[in-house]
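To find a chain, count down the sequence lines: A is the first, B the second, and so on, and within it residues start at 1. On a predicted model such as this, the values are computed, not experimentally measured, just so you know. Computed from heavy atoms alone, side chains included, the values below leave out hydrogens, waters and symmetry copies.
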Protein chains: 2
Amino acid sequence: MSDRENELLEALRVAGLRITLQRRLICQVLAAASDEHLSAIDIAERASGPGAIDVSTVYRTLEVFEGLGVLHHVHLGHGPGIYHLSASSDHHHLVCEKCGRVVDLPVDALEQSFTGIIRDYGFVPDGLHFGILGRHIDCSVVDTTD
Amino acid sequence: MSDRENELLEALRVAGLRITLQRRLICQVLAAASDEHLSAIDIAERASGPGAIDVSTVYRTLEVFEGLGVLHHVHLGHGPGIYHLSASSDHHHLVCEKCGRVVDLPVDALEQSFTGIIRDYGFVPDGLHFGILGRHIDCSVVDTTD
DNA sequence: CTGATTGCAAAAGATTTGCAACTAT
DNA sequence: ATAGTTGCAAATCTTTTGCAATCAG
């Protein structure tokens with residue numbers, strides 16, 4: 001059992017919540033996929049073959065983990081939200097509207113501009129919860145598809 | 001009839017599309033609400049009392065206007081997309097996750113940081129299509145609600 | 001006239017919820 | 001034992017789509 005997986009289960013224990021088979025499986029999937037962008041349905045399918053854990057259970061479990069602060073979800077454009085272990089969430093997502101690829105952007109890369117916004121607008125961007133949409137340079141050339 | 005309203009109708013004419021009563025009404029609503037954040041359903045309701053124009057018609061009409069480049073929609077967090085006349089869309093939306101208020105942010109305010117991202121990541125953020133979530137300073141103080 | 005447009009109803013996709021059965025502690 | 005969890009089915013919400021009827025040009 002990986003460290004990350006154990007961390008998640010430990011968070012449940014500390015909170016006095018129950019550790020069920022379904023939760024174990026979900027933890028495994030999350031820990032194994034820390035660099036991927038998984039939707040709740042992806043997680044349900046990976047957790048033990050297609051359909052084995054009900055999506056409602058997955059949503060409820062993910063909600064619990066978010067409440068414990070060990071998980072976040074982000075929205076990368078249209079389509080389902082995607083889930084991330086907290087420690088691997090400290091980056092923004094640059095989502096290309098053309099090709100769909102996602103580039104990770106370390107938080108500090110935007111920090112300076114955000115400082116200006118905080119000063120001038122009294123607003124603290126979270127930035128981790130929604131992707132930043134745009135286009136790769138390669139995808140920015142002449143384009144009649146949209 | 002306002003200038004903006006006329007512009008929208010003119011865009012339809014130029015494209016050889018038809019000007020129907022429903023489209024006229026939708027144009028009126030859009031022109032009158034250029035500073036508001038309206039969802040498709042808001043627009044349907046305002047267009048002529050509750051339920052008078054079918055939402056599917058509203059969605060199709062808004063889609064046409066987006067295709068003509070005179071309208072954009074943005075996503076400000078969860079919930080429905082909101083629609084904006086193009087000329088009034090040249091700002092980003094700072095959406096407070098706590099109080100829900102939206103602060104408009106001129107594009108140039110983020111331009112500099114985006115320049116850095118373009119250079120370092122080969123990525124051109126669009127930024128206008130999704131809101132930037134975060135919190136007002138006032139809403140950032142101790143908070144146990146999430 | 002004729003194709004563009006509409007309304008209605010139904011579908012789709014993501015997420016949430018009610019509830020009875022089940023299980024970890 | 002009992003409160004937390006699960007699966008299932010149904011509901012919700014936003015948006016899309018099929019289709020026959022209607023209407024603008």
Participant: Nearest of D:dG7, D:dG25, D:dG4 to any side-chain atom of A:T57?
Facilitator: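 For A:T57, the side-chain atoms sit closest to D:dG7.
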
Participant: Would you mind reading off the distance between A:D54 atom CG and C:dA21 atom C1', rounded to a whole angstrom?
Facilitator: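 Rounding to the nearest Å, CG of A:D54 and C1' of C:dA21 are 14 Å apart.
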
Participant: Considering every strand and a 4.0 Å limit on heavy-atom distances, what is the contact class for B:R23: base, sugar-phosphate, or nothing?
Facilitator: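 Sugar-phosphate only.
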
Participant: Tell me which nucleotide among D:dT15, D:dA24, D:dC8 gets nearest to the side chain of B:T20.
Facilitator: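 Within the option list, the nearest is D:dA24.
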
Participant: Give a yes or no on whether a donor-acceptor pair under 3.5 Å exists between the nucleobase atoms of D:dG7, that is its base, and the side chain of A:R60.
Facilitator: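 When only heavy-atom distances are counted, A:R60 does reach the base of D:dG7 through a donor-acceptor pair under 3.5 Å.
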
Participant: Tell me if the CG atom of B:D120 is crowded by more than 12 foreign heavy atoms within 6.0 Å.
Facilitator: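 Counting other residues, nucleotides and ligands, CG of B:D120 exceeds 12 neighbours.
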
Participant: Which nucleotide, C:dT2, C:dT23, C:dA14, lies nearest any side-chain atom of B:R18?
Facilitator: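 It is C:dT2.
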
Participant: Could you please name the option among D:dT17, D:dT6, D:dC8 that lies closest to any side-chain atom of A:S56?
Facilitator: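 For the A:S56 side chain, the nearest candidate turns out to be D:dC8.
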
Participant: Could you tell me how far apart B:L62 (CG) and D:dT14 (C1') are, to the nearest whole angstrom?
Facilitator: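 It is 13 Å, rounded to the nearest whole Å.
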
Participant: Between B:V55 and A:V58, just flag the one whose closest nucleotide in DNA chain D comes earlier from the 5' side.
Facilitator: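 Per heavy-atom nearest nucleotide, the more 5' residue is A:V58.
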
Participant: Nearest-Å distance, CG (A:L21) to C1' (D:dG7)?
Facilitator: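 A:L21 atom CG is separated from D:dG7 atom C1' by 14 Å.
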
Participant: May I have the distance from B:I53 (atom CD1) to D:dC23 (atom C1'), rounded to whole angstrom?
Facilitator: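 One finds 15 Å between C1' of D:dC23 and CD1 of B:I53, rounded.
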
Participant: So, do B:H93 and B:H84 have ring centers that fall under 6.0 Å from each other?
Facilitator: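 Yes; B:H84 has its ring centre under 6.0 Å from that of B:H93.
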
Participant: Taking only N and O in the side chain of B:Q22, is any of them less than 4.0 Å away from OP1 or OP2 of D:dC23?
Facilitator: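 False: B:Q22 side-chain N/O out of range (4.0 Å or more) of D:dC23 OP1/OP2.
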
Participant: Between A:I19 and A:G81, just flag the one whose closest nucleotide in DNA chain C comes earlier from the 5' side.
Facilitator: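 Nearest nucleotide further toward 5': that of A:G81.
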
Participant: Give the rounded distance in Å between these two atoms: CG of A:L12 and C1' of D:dT5.
Facilitator: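 The answer, rounded to whole Å, is 12 Å.
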
Participant: Quick one about A:R60 and A:S56 (side-chain donor to acceptor, distance below 3.5 Å, no hydrogens or angles considered), yes or no?
Facilitator: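 There is such a pair (donor and acceptor under 3.5 Å, judged by atom type) between the side chains of A:S56 and A:R60.
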
Participant: What's the verdict on side chain to side chain donor-acceptor pair (under 3.5 Å) for B:H75 and A:H75, showing C-alpha distance, side-chain angles and the deciding distance?
Facilitator: CA-CA 10 Å; B:H75 295 276; A:H75 294 275; over 6 Å; no

Participant: Side chain to side chain donor-acceptor pair (under 3.5 Å), that's the test. Do B:D54 and B:T57 meet it? Break it down for me.
Facilitator: CA-CA 5 Å; B:D54 195 85; B:T57 298; 5.0 Å; no

Participant: What integer distance in Å separates B:I41:CD1 from D:dT15:P?
Facilitator: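 Value for this atom pair: 7 Å.
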
Participant: Using a 4.0 Å heavy-atom cut-off across all strands, classify B:S39 as base, sugar-phosphate, or nothing.
Facilitator: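 B:S39: no heavy atom of the nucleic acid under 4.0 Å.
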
Participant: May I ask you to verify if any side-chain N or O of B:Y59 is less than 4.0 angstrom from the OP1 or OP2 atom of D:dT15?
Facilitator: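 Checking B:Y59 against D:dT15: at least one side-chain N or O falls below 4.0 Å of OP1 or OP2.
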
Participant: Give the rounded distance in Å between these two atoms: OH of B:Y83 and C1' of D:dT14.
Facilitator: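 In whole Å, D:dT14 C1' lies 10 Å from B:Y83 OH.
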
Participant: Tell me the interatomic distance from A:H78, atom NE2, to C:dA12, atom P, rounded to whole angstroms.
Facilitator: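 The distance from NE2 of A:H78 to P of C:dA12 comes to 20 Å, rounded to the nearest Å.
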
